[in-house]
Amino acid sequence: MRQTLARFLLLLLSFLALPALTVPATAQEVTTSHALILHGTPKYPADFKHFEYVNPDAPKGGEVIQAAIGTFDSLNPFILRGVSAAALGLTFDTLLQSSSDEAFTEYGLLAESIELPADRKWVAFTLRPEARFHDGKPVTAEDVVWSFETLKAKGAPFYRAYYADVLKAEALGERKVRFSFGDTVNMELPLIIGQMPVLPKHYFADKEFDRTSLEPITGSGPYKVASFEPGRTITYERVADYWAKDLPIMRGRYNYDRIRYDYYRDATVAIEAFKAGAYDFRLENSAKEWATAYDFPAQRQGLAVQREIPHELPTGMQGFAMNTRRPIFSDPRVRLAMNYAFDFEWSNKALFYGAYTRTESYFSNSELASRGLPEGEELKILEQFRGKIPDEVFTTEYKAPTTDGSGNNRANLRKALELLQSAGWQVKGGKLVNAAGEPFTFEILLSSPAFERISLPYAKNLERLGIEASVRTVDTAQYQNRIDSFDFDMTVDVWGQSLSPGNEQRDFWGSSRRDEQGSRNTAGIADPVIDQLIDMVIQAPDRDSLIARTRALDRVLLWGHYVVPHWHIRAFRTVYWDKFAQPEITPKYALGFSDTWWIDPAKAEKVNAFRRRSSN
């Protein structure tokens, strides 16, 4: 859940700008607004009725069942210990809520208004008087302050990094809370605080926050935990008297009466369960399964739908991440050699049915991705670091090594061997060894068998270089523990990105996070230049500067060769039983299945009748 939560927060990040309708402010003036936005004016005014991409009259009702892979042993998603259950975020509200059709705007949820001074040194939220936890008690400023202090002190390491520049939170009354910021220019801090889940202080009066627990935490969100069996299933029930159900940001959303997640050990079993009608909806991440697995009776009869839904989300970076804390991966020449050993073109053709595009940016599928050679403001930024970053940053557009797709990648393997030899490795007796005669061996740690089909051919290519790379798949709990403690050599990791990167970049690549267990700095990066570039991204005063600074960061990361980039696709691959309806407009930056679709009773009855016949 830590990663899931992190990935959800990333999709919400952006930078703050005052609404255009306000006059230029002095340092003493304070703007009060219903929303915070990156630039210009929020799409939706203060008196808007509902988001454009919802059906405000969507009927409520029914149950949707989804699959989760692995297990869970905790209902606390905010701490490092344990493996938390899927979708616990449905039970908690935040101060602000993002829209899914704007690059970034946040509207008041628990907060009815936001106050911000011109110098952005603090932000204050006034809570809605009707805001309630599920036990009926009001959400107060004291709850907000307690949540901030507790998450920062006892929550997962992510929160400490995320809130590092927030000096304090203070209640200014029962319904008003103010957060004060440090001297560092950090434009997104008000938005970061707006994303904070607010927890009930009274619930934890006799409980230890940082202990795993299978007791549901009292929340204030649209759903609450109805039932569960640890490691097997969890069911959420829509809160009929949810305090925010009539707010404009909530109209037409969260329409299912019940949402259930059933757990499966691996994706293969889960797919067969889907085709048997055991659950209703899945996102397919495997190109092979997408191409071959869904020709079954219900699909042929039109009772199950296989559909790609395009999106405009940045696709981020997925790849083989090398742990540079390990001596064998400390040299960038070795890391580049690892890139030359990977044959993407063959993999895409032989394993993925040509479905993917090679990823060549940490901010792929967005204007933030570096391209060509640096110029303009981006070049000026990078010039400051000339001599401290690879010369290729200035002279060569980054392109991942390519092959002809035949499976014969001898030229790339020769280049890989040259790089390894320049780094002090030699082949002796068919084995690659260093000057001390120690062999080049490492383990590729996986959490899912789905990645074995790409990792095993990669290990075969490495074997031709005299490298022994073993592939090991472990259960979810063991995998998470090993990743959190950096006890791995190489793994497959994913860094999701938003349209407005900021503080989360410190957790991904910052030196301060290199040795912080549980951080997202999987690769173990500790580079003062990257630290400075991250700070520049966070402090960007406008969109153009943000783009230039992010591209500069992207370029330096790419030429550090910290990962072997994988691939991406610019659409959601969905498979679902045809019992749903959805709004006419699909949001640009979200799928919307969980919060904007609804169950069509007539369609559902046809599906249920087919399932009954099939089970007899």
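The residues of the chain are indexed from 1 along the displayed sequence. These numbers come from a predicted model, not from an experiment.
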Parallel, tilted or perpendicular, judged at 30° and 60°: which one describes the rings of [X] and [Y]?
X: Trp559; Y: Tyr398; value: perpendicular
X: Tyr576; Y: Phe281; value: parallel
X: Phe320; Y: Phe342; value: perpendicular
X: Phe78; Y: Phe92; value: perpendicular

Query raised in the report: Under 3.5 Å, is there a donor-acceptor pair linking the side chains of Thr522 and Asp493?
Result: yes
Report task. State whether a side-chain donor-acceptor pair under 3.5 Å links Gln497 with Ser366. Result -> no
So, [X] side chain and [Y] main chain: donor-acceptor pair closer than 3.5 Å or not?
X: Asp554; Y: Tyr362; answer: yes
X: Thr550; Y: Ile547; answer: no
X: Asn323; Y: Phe486; answer: yes
X: Asn348; Y: Tyr356; answer: yes
X: Arg358; Y: Glu345; answer: no
X: Tyr340; Y: Ala411; answer: no
X: Glu504; Y: Gly502; answer: yes
X: Asn339; Y: Arg335; answer: yes
X: Thr315; Y: His568; answer: no
X: Gln306; Y: Trp290; answer: yes

Query raised in the report: Can you list the steps and then say if Arg570 with Glu312 is a salt bridge (charged side-chain N to carboxylate O under 4.0 Å, His left out)?
Result: CA-CA 7 Å; Arg570 299 178 177 92; Glu312 298 180 28; over 6 Å; no
Report task. Please report the C-alpha distance between Leu151 and Arg160 in whole Å, then the side-chain angles of each, then the deciding distance to 0.1 Å, and finally whether the side-chain contact (heavy atoms from CB on, under 4.5 Å) criterion is met. Result -> CA-CA 8 Å; Leu151 288 170; Arg160 287 192 287 280; over 6 Å; no
Do other residues, nucleotides or ligands put more than 12 heavy atoms under 6.0 Å from [X] [atom1]?
X: Gln478; atom1: CD; answer: yes
X: Arg410; atom1: CZ; answer: no
X: Lys588; atom1: NZ; answer: no
X: Arg211; atom1: CZ; answer: no

Looking only at the aromatic ring of each residue, does the gap between the centers of [Y] and [X] stay below 6.0 angstrom?
X: Phe442; Y: Phe329; answer: yes
X: Trp346; Y: Tyr458; answer: no
X: Tyr589; Y: His311; answer: no
X: Phe593; Y: Phe572; answer: no

Report task. Evaluate side chain to side chain donor-acceptor pair (under 3.5 Å) for Ser519 paired with Asp507, printing each intermediate quantity in order. Result -> CA-CA 6 Å; Ser519 84; Asp507 202 40; 4.5 Å; no
Query raised in the report: For Val83 and Ser74, what are the C-alpha separation, side-chain angles and deciding distance, and is it a side-chain contact (heavy atoms from CB on, under 4.5 Å)?
Result: CA-CA 6 Å; Val83 178; Ser74 174; over 6 Å; no
**Report entry** Verdict with supporting geometry, Asp487 and Arg326, salt bridge (charged side-chain N to carboxylate O under 4.0 Å, His left out)
**Finding:** CA-CA 10 Å; Asp487 180 21; Arg326 300 288 205 244; 3.5 Å; yes
So which heavy atom on [X] is nearest to which on [Y], and how close?
X: Ala341; Y: Leu465; value: CB-CD1, 4.1 Å
X: Val556; Y: Ile530; value: CG1-CG1, 3.8 Å
X: Phe363; Y: Ala369; value: O-CB, 3.5 Å

Between [X] and [Y], does any side-chain N to carboxylate O distance fall below 4.0 Å?
X: Glu284; Y: Arg282; value: yes
X: Asp535; Y: Arg506; value: yes
X: Glu367; Y: Arg551; value: no
X: Glu360; Y: Lys399; value: yes
X: Asp210; Y: Arg81; value: no
X: Asp280; Y: Arg611; value: yes
X: Asp262; Y: Arg260; value: yes

4.5 Å side-chain heavy-atom contact, [X] and [Y]:
X: Leu446; Y: Val474; answer: no
X: Arg464; Y: Asn409; answer: yes
X: Leu336; Y: Lys415; answer: no

Query raised in the report: Quick one: ring-ring contact (aromatic ring centres under 6.0 Å, His included) partners of Phe385, sequence neighbours excluded?
Result: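 Once residues adjacent in sequence are excluded, Phe385 has no partner under the ring-ring contact (aromatic ring centres under 6.0 Å, His included) criterion.
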Report task. Please assess Glu392 against Arg555 for the test salt bridge (charged side-chain N to carboxylate O under 4.0 Å, His left out), listing each intermediate value before the final yes or no. Result -> CA-CA 9 Å; Glu392 292 89 343; Arg555 220 177 281 271; over 6 Å; no
Query raised in the report: Taking it one step at a time, do Tyr294 and Gln299 satisfy side chain to side chain donor-acceptor pair (under 3.5 Å)?
Result: CA-CA 7 Å; Tyr294 296 105; Gln299 192 271 347; over 6 Å; no
**Report entry** Full working for ring-ring contact (aromatic ring centres under 6.0 Å, His included) between Tyr261 and Tyr279
**Finding:** CA-CA 9 Å; Tyr261 284 84; Tyr279 61 97; 9.8 Å; no
Requested in this report: Go through the steps for Asn412 and Thr403 under the test side chain to side chain donor-acceptor pair (under 3.5 Å), then give the verdict.
Outcome: CA-CA 8 Å; Asn412 278 5; Thr403 70; 5.7 Å; no
Report task. For Ile234 and Phe72, run side-chain contact (heavy atoms from CB on, under 4.5 Å): C-alpha distance rounded to whole Å, both residues' side-chain angles, the deciding distance at 0.1 Å, then the answer. Result -> CA-CA 10 Å; Ile234 185 166; Phe72 72 93; 4.3 Å; yes
Query - Cationic tip of Arg232 above Tyr263 ring, under 6.0 Å, 45° of axis - result: no
**Report entry** Worked verdict on Val334 versus Trp425 for side-chain contact (heavy atoms from CB on, under 4.5 Å)
**Finding:** CA-CA 9 Å; Val334 171; Trp425 295 88; 3.9 Å; yes
Report task. Please report the C-alpha distance between Tyr479 and Thr491 in whole Å, then the side-chain angles of each, then the deciding distance to 0.1 Å, and finally whether the side chain to side chain donor-acceptor pair (under 3.5 Å) criterion is met. Result -> CA-CA 10 Å; Tyr479 178 82; Thr491 189; 2.8 Å; yes
Report task. Sequence neighbours left out, what passes side chain to side chain contact (heavy atoms under 4.5 Å, CB included) with Ala298? Give chain and number order. Result ->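 So Ala298 forms a side chain to side chain contact (heavy atoms under 4.5 Å, CB included) with Phe296, Leu303, Ala304, Trp577, Phe610.
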